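Have a look at the structure below, then the notes.
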Amino acid sequence: MTVIALLSVAPVVEGSMASEVAKAVAALDDFDVSYETNPMGTVIEADSANELFAAAQAAHEAVDGDRVSTVLKIDDKRARDQRAREKVEAVEDELGREAKRER
């Protein structure tokens with residue numbers, strides 16, 4: 001089973017959050033997960049929901065601040081194993097092109 005999630009962790013502050021977000025992303029390295037960070041969050045893949053929740057908790061706790069906002073969206077497909085990249089490829093197959101456009 002592969003559990004896929006979108007995780008967004010950020011302190012509620014004025015100005016750049018990059019250094020704190022970097023701490024959250026770095027915390028994921030202590031877990032058996034793969035991940036890719038994008039402008040809106042980090043997509044995480046884990047073999048179990050327990051591992052995913054532990055990684056998300058560590059990322060949340062790694063951020064300093066009086067207030068931290070965390071959003072976790074989970075796709076726990078239990079019928080078969082599916083990687084995040086496969087989900088993107090299915091959309092690209094329907095589009096007949098890459099699901100990306102530069103302006």
Side-chain angles (χ1 to χ4, degrees):
M1 167 178 69
T2 302
V3 183
I4 302 169
L6 176 63
L7 174 67
S8 174
V9 180
V12 180
V13 296
E14 294 289 326
S16 178
M17 298 178 282
S19 64
E20 293 304 315
V21 171
K23 290 177 187 177
V25 173
L28 299 175
D29 290 338
D30 294 334
F31 297 86
D32 187 21
V33 299
S34 59
Y35 63 86
E36 181 178 351
T37 299
N38 63 57
M40 299 301 290
T42 299
V43 175
I44 304 171
E45 293 183 24
D47 290 334
S48 72
N50 287 341
E51 187 74 10
L52 186 121
F53 281 119
Q57 180 177 354
H60 174 82
E61 292 174 354
V63 174
D64 293 325
D66 293 334
R67 187 173 177 191
V68 178
S69 175
T70 298
V71 176
L72 180 63
K73 181 179 180 180
I74 298 171
D75 182 358
D76 186 4
K77 194 167 198 173
R78 297 174 178 173
R80 73 177 188 89
D81 214 21
Q82 184 179 36
R83 310 305 289 187
R85 182 68 202 144
E86 291 176 78
K87 293 169 68 103
V88 175
E89 288 168 353
V91 172
E92 290 176 337
D93 287 346
E94 291 294 322
L95 284 170
R97 62 175 173 82
E98 191 174 323
K100 182 177 182 177
R101 179 177 168 197
E102 299 288 332
R103 289 178 23 126

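For the numbers below, each heavy atom of this structure counts, side chains included, while hydrogens, waters and symmetry mates do not. Here the structure is a predicted model, which is why all the values come from computation and not from measurement. Quick note: residue numbers are just sequence positions, from 1.
For D66, the CG atom counts as loosely surrounded, since its 6.0 Å shell holds 12 or fewer non-hydrogen atoms of other residues, nucleotides or ligands.
For the pair D75 and K87, the minimum side-chain heavy-atom distance is below 4.5 Å. In this structure the side chain of V33 never reaches within 4.5 angstrom of the side chain of E45, judged on heavy atoms. With a 4.5 Å cut-off on side-chain heavy atoms, Y35 and V25 count as touching.
Applying the side-chain hydrogen bond (donor to acceptor under 3.5 Å, both in side chains) test to pairs two or more places apart or on separate chains, none has a residue in residues 6-16.
Residues passing the side-chain hydrogen bond (donor to acceptor under 3.5 Å, both in side chains) test with E36: none are found, sequence neighbours excluded. Under the rule for a side-chain hydrogen bond (donor to acceptor under 3.5 Å, both in side chains), E86 has no partner lying at least two apart in sequence or in another chain. Every side-chain hydrogen bond (donor to acceptor under 3.5 Å, both in side chains) that T37 has, sequence neighbours left out, goes to T42. Under the rule for a side chain to side chain contact (heavy atoms under 4.5 Å, CB included), D30 has no partner lying at least two apart in sequence or in another chain. With sequence neighbours left out, K73 forms a side chain to side chain contact (heavy atoms under 4.5 Å, CB included) with L6.
No side-chain donor-acceptor contact under 3.5 Å links D76 to the backbone of V3. No donor-acceptor distance shorter than 3.5 angstrom exists from the side chain of Q82 to the backbone of K77, with no hydrogens or angles considered.
Taken together through direct or relayed side-chain contacts under 4.5 Å among Ile, Leu, Val, Met, Phe, Trp and Tyr, I74 and V43 form parts of separate hydrophobic clusters. Placement of I4 and V9 in two distinct hydrophobic clusters is found when ILVMFWY residues are connected by side-chain heavy-atom separations under 4.5 Å, directly or transitively.
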Cut-off 3.5 Å, no hydrogens considered: what does the side-chain donor-acceptor table look like for residues 92-103, sequence neighbours left out?
from, atom 1, to, atom 2, distance (Å)
E92, OE1, R85, NH2, 2.9
E92, OE2, A99, N, 3.0

For a quick test of your reading: what N or O donor-acceptor pairs under 3.5 Å do the side chains of residues 51-64 make, sequence neighbours left out?
from, atom 1, to, atom 2, distance (Å)
E51, OE2, D32, N, 2.8
Q57, NE2, E61, OE2, 2.9
H60, ND1, T70, OG1, 2.5
D64, OD2, K23, NZ, 2.8

- Task: For side-chain contact (heavy atoms from CB on, under 4.5 Å), just list the numbers for I44 and L28, CA-CA rounded to whole Å, side-chain angles, deciding distance to a tenth of an Å, and then say yes or no.
- Result: CA-CA 9 Å; I44 304 171; L28 299 175; 4.0 Å; yes

